[in-house]
Number of protein chains: 2
Amino acid sequence: MKCLTDTTEERIKEAAKTVFLEKGFDGTTTRDIASAAGINSALMNYYFRSKEKLFQSIFNDVCTLMFEGMLELINQPISLRDKISKLMDHQFQMMMQNPNLTIFIMNELRLNPERLYGTLGMAKQVPESIFHQQIEDAIAQGIITPIDSDHILTMIIANIQFLFVSKPMTMLAQGLDEAGFNAFATRHMEYVKDMICEYLFKPESVT
Amino acid sequence: MKCLTDTTEERIKEAAKTVFLEKGFDGTTTRDIASAAGINSALMNYYFRSKEKLFQSIFNDVCTLMFEGMLELINQPISLRDKISKLMDHQFQMMMQNPNLTIFIMNELRLNPERLYGTLGMAKQVPESIFHQQIEDAIAQGIITPIDSDHILTMIIANIQFLFVSKPMTMLAQGLDEAGFNAFATRHMEYVKDMICEYLFKPESVT
DNA sequence: AATCGTTTTGATCAATTGATTAAATTTTTT
DNA sequence: AAAAAATTTAATCAATTGATCAAAACGATT
């Protein structure tokens, strides 16, 4: 699949990403990574100094993957309604492709809060975004229910992300297979979109 | 604090629960547990045959703690509005007391899906509850928006649980301390309650 | 106090862990 | 092609892991 820059370093990172995401930091051995990458296990320490350093590198990449698209969208000059809809679509597609991205990140942050400092830059950008200003303006104009942008973002993210955080549980409780879950998730998204939009844009403006 | 049945076995289980919840299964060593319980590390294998067996015991307890209250509420003969409100309050209080209960459970299930079989009993009860019937009746009577009860439960759970799953991230992004987060969470709960109820009970009945 | 069953301990096991080393191999430069 | 630098390997290290065992300590019963 990936043809560009097929260096050994990249091969190790790809393998490490796969294994770390599947087993977590504590559940992964350096030999797991080495065998997944098809290399001698000493080679990992040649390129990255240690398991911890390699993990940090992967973790940064994964956090970027998680946040960069969202941050871009948040700062785009489009209407609030559009923005909210696109934010949800973007996250949904991201999670359909990487179903355990969020639980991996959240759990590693919980186990080792120092990793937060790596994501500090991205996290801090959210409260100071165009989105935030748009919300305040819309409230001032009486277009949407008065509510802080942090709460709106939390609503958007929570309703999508938790769907995937709890995916195994949901599949069991409802007796779904992979396809069944995807159908459920897709349907749920529509409900959530309606719910959030109807809540925000409550006093419906003139047609 | 706990005075009843202060047996060695209980001491081990309490210590194990604390350590497992903090560090996860892979991040916990049997010596961690032994020292937290103040016992010789061989004693753990005397009462529980292995680390895995001890974990299963803890994991069952934790899942019960998570679901039993919710299942009780779901089957109570109270009005739908009341039930939804109480469901959210109950979960919120539970999570305020055990902030990483959910992420622990969801992550361990992800790492080792076989653990699901232990929770199968509880999970299966949800779709066959009084709550489910209440929703169908309310829809038939045109009281609430037509939507499957699975989606409603997912909305309720997601909006609360993800608040705590993402707690470290939220605190960082908004620069909150413990008290600040609790205030944010409490406020968020009110918004979410409003949002869900307004969405469900949309065509407001006669006063 | 002697005996028996239960509980607890210290010592230790084999396996696995992350990491290092020196040597072998490949690639680049001269 | 020779020399130098970069990459890769096999072998091995010390530390930690989950688990076991025989012996010690404890408590109850006789």
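Predicted model, so just to flag it, every value in this text is computed and none were measured. Order of the sequence lines sets the chain letters (A, B, ...), proteins ahead of strands, with each chain counted from 1.
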**Message:** Give the residues of residues 31-45 of chain B touching DNA chain D, defined as any heavy atom closer than 4.0 Å, sorted by residue number.
**Reply:**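 Result for residues 31-45 of chain B: Arg31(B), Ala42(B), Asn45(B), sorted by number.
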Return the value, rounded to whole Å, for the distance between atom [atom1] of [X] and atom [atom2] of [N].
X: Asp26(A); N: dG18(D); atom1: CG; atom2: P; result: 11 Å
X: Phe25(A); N: dT17(C); atom1: CZ; atom2: P; result: 13 Å
X: Tyr46(B); N: dA23(D); atom1: OH; atom2: P; result: 18 Å

Does a salt bridge link [X] with [Y], judged by any charged N lying under 4.0 Å from a carboxylate O?
X: Lys193(A); Y: Asp89(A); value: yes
X: Glu72(A); Y: Lys86(A); value: no
X: Asp61(B); Y: Lys17(B); value: no

**Prompt:** What pair of heavy atoms forms the shortest contact from Met169(B) to Ala123(A), and how long is it?
**Reply:**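 Answer, listing the atom of Met169(B) first, then Ala123(A): CE-CB, 4.0 Å.
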**Prompt:** For the rings on Tyr199(A) and Tyr199(B), is their centre-to-centre separation under 6.0 Å?
**Reply:** no
**Request:** Could you tell me the separation between the CD1 atom of Ile12(A) and the CG atom of Leu54(A), rounded to the nearest 0.5 Å?
**Result:**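 Rounded to the nearest 0.5 Å, the CD1-CG separation comes to 7.5 Å.
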**Message:** Can you pull out the residues from residues 48-58 of chain B that lie within a 4.0 Å heavy-atom distance of DNA chain C?
**Reply:**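 Within this stretch, nothing sits under 4.0 Å of the strand.
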**Message:** Contact list please: residues 107-114 of chain B against DNA chain C, heavy atoms, distance less than 4.0 Å, in numerical order.
**Reply:** none
**Asked** Are any of Thr8(A)'s side-chain N or O atoms less than 4.0 Å away from OP1 or OP2 of dT8(D)?
**Response**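 Affirmative; the distance criterion is met.
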**Prompt:** Taking the six-membered ring of Phe25(A) as reference, does the NZ or CZ atom of Lys51(A) fall below 6.0 Å from its centre and within a 45° cone about the axis?
**Reply:** yes
Heavy-atom side-chain contact between [X] and [Y] under 4.5 Å:
X: Lys13(B); Y: Phe48(B); answer: yes
X: Ile130(A); Y: Gln76(A); answer: no
X: Ile160(A); Y: His188(A); answer: no

